Protein chains: 2
Amino acid sequence: MRRVNIQEVAKEAGVSPSTVSRALNGFPGISEKTRERIVEIARKLNYRPNYRGQILTTQSTKNIGLLITDIANPFFPELVMGAEEYASKSGYTVLLGNTSESEEKETNYLDFFSRGPVDGIIISASRVSNEHIIMLAEEGLPIVVINRILEHPKISYVSTDMEKGGYLATMHLLRLGHSKIAFINGPKHSEVSQRRLEGYKKALKEAGIDYNSDLISFNVPVSESGYKEAIKLLCTGEAPTAIFTYNDVMAFGVIKAAKELGIKIPEELSVVGFDDIFFSSFTDPPLTTIKQFKEELGRMAVELLFKLMEGERESLLIEPELIIRNTTSRR
Amino acid sequence: MRRVNIQEVAKEAGVSPSTVSRALNGFPGISEKTRERIVEIARKLNYRPNYRGQILTTQSTKNIGLLITDIANPFFPELVMGAEEYASKSGYTVLLGNTSESEEKETNYLDFFSRGPVDGIIISASRVSNEHIIMLAEEGLPIVVINRILEHPKISYVSTDMEKGGYLATMHLLRLGHSKIAFINGPKHSEVSQRRLEGYKKALKEAGIDYNSDLISFNVPVSESGYKEAIKLLCTGEAPTAIFTYNDVMAFGVIKAAKELGIKIPEELSVVGFDDIFFSSFTDPPLTTIKQFKEELGRMAVELLFKLMEGERESLLIEPELIIRNTTSRR
DNA sequence: TATAATAGTGCAATCGCTTTTTAAAGAAAG
DNA sequence: CTTTCTTTAAAAAGCGATTGCACTATTATA
């Protein structure tokens, strides 16, 4: 039993393919009687229009491509859910590309997406350059970027206010009396890392504390990095009393390291994460963190993408929120 | 700057489109000199073949569709990573469909996938019926199912041995002296739930303990369900001394409930999860669980799919493993 | 009744590429 | 100097849908 195409339906119904097409797509210029008959036959033959042929003619795929960096980090799945839910309401399907922190994969997916399988792209990945994105946008592909601020007439963005996030976390620790605050940051090249660092510096400055680059490190944003950096920091003579991490999973690594070293959280070490993923309330102790509105981010990205498809450009910044749990305490 | 198509390249090079195609795809029947010239021009114009046109003729998309139930449950991302890594080695892209436990979405994605955007499908979702899957397979679409045992000449499967898993978990608790073991199971219709329940029963039977259906419940497999069921179970007069959950995130819910009720784990209540997701070693206390080899599952699914595309059918069962951490103790 | 308007269809072009077929040019052989 | 063979590239035929245009029956209008 092979797939049946429009010709076969047409033959069976004794009409032309165009008539079948009109009948099935609810177009006018066809008698109700014929329509019903064709619809019935199509149903009986289990005909569904071939996607490959269809998109070639209609020039619309009803797909959007969503590029994410690391599906294993729950930040992204939550974002994906927000995007998907909103997209599916308008009959769009989300094609997910996971790049596993690899620039090559990022480029590959982008290249693939730009060749036609989707009507627009949402990028929530940091490796690919702004220039590359701009190039694609100028070819006419609607693009929305998440968590990078990219001002360009053909690109929209939605981002958490990262500077604010870095500021909030640092300020919280400063208020608790900490002055030696390490920042286990994300990838150096990443705009997000840079913006959060700005927030960190700003808070320090306001508190009149000198910035010490020894307390800053740049890392691949996975749990393992948090663990390793924490070990390094905590084994020096001048160990910090508080650690702020680029994301929650890295904070998990820090917690693990502290436990292994017999350092009590929050009594001897305060930890603040970033993202507020689902599991952060289940750790021991529950993690203090900066909440990003992940579903919102995904949802807004799709909304902005739809607008962009209609030629309307709009971008926005979403305020993060400090969630105080039990990994931070007064110095 | 619009996308350039093969005609424009042909015009620029002063040859026909077919010649351009031959040049770029490395086909014979064209002089090396012409090929080089065309390749150069194509590069300069930044030409990349339009995907929509290409797949219509070649009948190959180099995509595989992967249907998953719940991207927010880390079980799936790990599986996805395994699949993606293996697929990309052969130049295939994975299109992910997340169905959020909705049968409608599952059907929609399947319908979409079956219309042509992919060369084959991997299904790791439980709502859609075997009959539906078989129908698609008989239309000629290669399909591999994960964690369901579906014997059909055109379908391959790879599954964790669920019965073994249920048995392992229950036996572990029995050996620790528990006799009243609740099982907060997954969806009733799901084959996985049924198979695990078989394992549970088998262990009970071997221990000479009567099966009590009051201790069994069927649920949507999310954290919330674990929480609610645990509250229900623990507030009855005859509370169980051990709880086995359908998956780890549900076990997280149980842990949360026990904490709120002031019940100590593992002293007063033992908990065993299923899956061994990344976060299970970070909970308080770290979770005893049954490990599924998730990346392996994803990787094998792709491998079997590739084989199926070449007409070779093969299926297999993967043994799960008991991971003992700190949520279980002697009664 | 003749003519115009309209409804219902089919034909053919199109989307952008690949692939088969055909033709032209050049080289080798007689 | 033909004839035959080989090389190279153009032309044409799909792939499976959609869609503008043209044609043929109807029906309505004068």
Side-chain angles (χ1 to χ4, degrees), chain A residues 2-39 41-42 45-63 111-112 114-119 139-141, chain B residues 2-39 41-42 45-63 111-112 114-119 139-141:
Chain A
R2 265 231 335 92
R3 276 306 289 266
V4 24
N5 62 19
I6 202 169
Q7 273 87 346
E8 298 172 54
V9 178
K11 208 165 115 191
E12 183 74 19
V15 297
S16 75
S18 48
T19 304
V20 175
S21 172
R22 277 192 285 257
L24 265 30
N25 291 316
F27 288 139
I30 181 172
S31 72
E32 217 30 64
K33 221 182 73 193
T34 321
R35 162 163 295 142
E36 274 167 27
R37 196 164 57 82
I38 292 174
V39 167
I41 287 171
L45 294 180
N46 193 24
Y47 167 75
R48 281 153 301 160
N50 179 298
Y51 182 75
R52 304 175 190 184
Q54 202 171 38
I55 63 173
L56 188 59
T57 36
T58 60
Q59 303 289 31
S60 158
T61 62
K62 284 280 187 178
N63 290 158
D111 187 65
F112 167 66
S114 75
R115 292 203 298 124
V118 298
D119 297 342
E139 279 182 353
L141 194 63
Chain B
R2 262 226 340 87
R3 276 306 289 264
V4 20
N5 62 19
I6 203 168
Q7 274 89 343
E8 298 172 53
V9 178
K11 209 164 112 191
E12 182 74 19
V15 297
S16 74
S18 49
T19 305
V20 175
S21 173
R22 314 265 276 286
L24 264 32
N25 292 315
F27 288 139
I30 180 174
S31 70
E32 213 34 61
K33 221 182 74 194
T34 322
R35 160 164 296 142
E36 274 167 26
R37 196 165 55 83
I38 293 174
V39 167
I41 287 171
L45 294 180
N46 193 25
Y47 167 75
R48 281 154 301 161
N50 178 298
Y51 182 75
R52 303 175 190 185
Q54 202 171 39
I55 64 173
L56 188 59
T57 33
T58 59
Q59 303 290 32
S60 158
T61 62
K62 283 279 186 178
N63 289 158
D111 187 64
F112 167 66
S114 75
R115 293 202 298 122
V118 299
D119 297 343
E139 278 182 352
L141 194 65

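Sequence lines set the chain letters: A, B, ... in the order given, protein chains first and strands last, and positions in each chain run from 1. It should be emphasised that the depicted structure is a prediction, and the values quoted were computed from it without experimental measurement.
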May I ask you to evaluate whether [X] reaches the phosphate of [N], defined as a side-chain N or O under 4.0 Å from OP1 or OP2?
| X | N | answer |
| --- | --- | --- |
| A:Tyr47 | D:dG16 | no |
| B:Asn25 | C:dT18 | yes |
| A:Ser16 | C:dG10 | yes |

Sequence-aligned protein contact record of nucleotides 21-26 of chain D, with B where the base is within under 4.0 Å of a protein heavy atom and S where only the sugar-phosphate is:
------

Does B:Thr58 contact C:dC17 through a side-chain donor or acceptor facing the base, at a distance under 3.5 Å?
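Side chain to base: no pair below 3.5 Å.
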
Taking donor-acceptor contacts at under 3.5 Å, does the side chain of B:Ser18 reach the base of D:dA11?
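For B:Ser18, whose side chain was compared with the base of D:dA11, there is a donor-acceptor pair (under 3.5 Å).
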
To the nearest Å, how far apart are [X] [atom1] and [N] [atom2]?
| X | N | atom1 | atom2 | result |
| --- | --- | --- | --- | --- |
| A:Asn50 | D:dG16 | CG | C1' | 6 Å |
| A:Arg52 | D:dT18 | CZ | P | 16 Å |
| B:Glu32 | D:dA9 | CD | C1' | 15 Å |
| A:Ile30 | C:dG8 | CD1 | C1' | 8 Å |
| A:Phe27 | D:dA17 | CZ | P | 15 Å |

Using the side-chain hydrogen bond (donor to acceptor under 3.5 Å, both in side chains) criterion, which residues pair with A:Ser16? Sequence neighbours excluded.
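Applying side-chain hydrogen bond (donor to acceptor under 3.5 Å, both in side chains) to A:Ser16 gives A:Ser18, A:Thr19.
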
Any Lys/Arg nitrogen of A:Lys11 or A:Glu8 sitting under 4.0 Å from an Asp/Glu carboxylate oxygen of the other?
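The answer is no: the pair does not qualify as a salt bridge.
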
Less than 4.0 angstrom from a charged side-chain N to a carboxylate O is my criterion; do B:Arg37 and B:Glu12 meet it?
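Here B:Arg37 does not pair with B:Glu12 in a salt bridge, since their nearest N and O are not under 4.0 Å apart.
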
How sharply is the helix from C:dT1-D:dA30 to C:dG30-D:dC1 bent, taking the axes over five pairs at either end and rounding to 10 degrees?
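About 70° separates the two local helix axes.
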
For residues B:Ile6 and B:Pro17, report the shortest heavy-atom separation together with the two atoms involved.
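Where B:Ile6 meets B:Pro17 most closely, the heavy atoms are CD1-O, 3.6 Å.
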
When the nearest nucleotide of DNA chain D is assigned to B:Val15 and to A:Tyr51 on a heavy-atom basis, which residue is associated with the more 5' position?
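Going by which nucleotide is closer to the 5' end, it is B:Val15.
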
In terms of the nearest nucleotide of DNA chain C, which residue is placed more toward the 5' end: A:Gln59 or A:Pro28?
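Upstream on the strand: A:Pro28.
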
